[in-house]
Amino acid sequence: MTKKIETQDVIFIIEDNILFCSYKQHLEIDITTAKRIIKDRVTFTDGEYYPILIDFSNMKSVTKEARDYLNSAEGGLSGLLGGAFLSKNVVASLFINLYLKVNHPAIPARFFTDKTEAIDWLKRIRIEKPQPA
């Protein structure tokens, strides 16, 4: 079963127990946008925990304040089992790799350029890490 919603900023899809998130074209993420995205995600997932595949291809920019919020347990990491970042955009790739090296997310996180590899990795995360009670 597939569940989908399109919000002001992203498209969320749940398929095969993986949450897919695609940013809309030229999205600029500030703290207000980040909070709205997370609120929309939490509402959409209805309290369930998922591994997430985030396609950064369309993202234009993100502020430091928004990055900090998205990397916090109270914010962006709530309700997630692991995160795969996907992009074939060179600038986004540099940003994501730097983010992972500097911020050390509290959940398993990796960068991918291949969607199939990202999904395979997320399926292993789902199997290896039980859902919180």
Heavy-atom distance under 4.5 Å between the side chains of [X] and [Y], does that happen here?
{"X": "K24", "Y": "D9", "value": "no"}
{"X": "P108", "Y": "W121", "value": "yes"}
{"X": "R41", "Y": "Y50", "value": "no"}
{"X": "F112", "Y": "L53", "value": "no"}
{"X": "N71", "Y": "L77", "value": "yes"}
{"X": "F12", "Y": "T45", "value": "no"}

Evaluate side chain to side chain contact (heavy atoms under 4.5 Å, CB included) for N17 paired with L81, printing each intermediate quantity in order. CA-CA 11 Å; N17 289 315; L81 299 173; over 6 Å; no
Please report the shortest heavy-atom distance between [X] and [Y], naming the atom on each side.
{"X": "S87", "Y": "F111", "value": "O-CZ, 3.5 Å"}
{"X": "I107", "Y": "G83", "value": "CD1-N, 4.0 Å"}
{"X": "E15", "Y": "F20", "value": "O-CE1, 3.8 Å"}
{"X": "S78", "Y": "G75", "value": "OG-O, 2.8 Å"}

What distance do [X] atom [atom1] and [Y] atom [atom2] have between them, rounded to the nearest 0.5 Å?
{"X": "S57", "Y": "Q25", "atom1": "OG", "atom2": "CD", "result": "9.0 Å"}
{"X": "I14", "Y": "D46", "atom1": "CD1", "atom2": "CG", "result": "9.0 Å"}
{"X": "E65", "Y": "L70", "atom1": "CD", "atom2": "CG", "result": "10.5 Å"}
{"X": "I11", "Y": "E6", "atom1": "CD1", "atom2": "CD", "result": "4.5 Å"}
{"X": "H26", "Y": "M59", "atom1": "NE2", "atom2": "CE", "result": "13.0 Å"}
{"X": "L86", "Y": "S22", "atom1": "CG", "atom2": "OG", "result": "8.5 Å"}

Report yes or no: does [X] contribute a side-chain atom to a donor-acceptor pair with the main-chain N or O of [Y] at less than 3.5 Å?
{"X": "D114", "Y": "T116", "value": "yes"}
{"X": "R36", "Y": "T7", "value": "no"}
{"X": "K3", "Y": "F44", "value": "yes"}

Check the pair D40 / V10 against side chain to side chain contact (heavy atoms under 4.5 Å, CB included), numbers first and verdict last. CA-CA 9 Å; D40 290 343; V10 299; 5.8 Å; no
Going by an N to O cut-off under 4.0 Å, is there a salt bridge joining K64 and D68? yes
Do T33 and D30 have side-chain N/O donor and acceptor atoms under 3.5 Å apart? yes
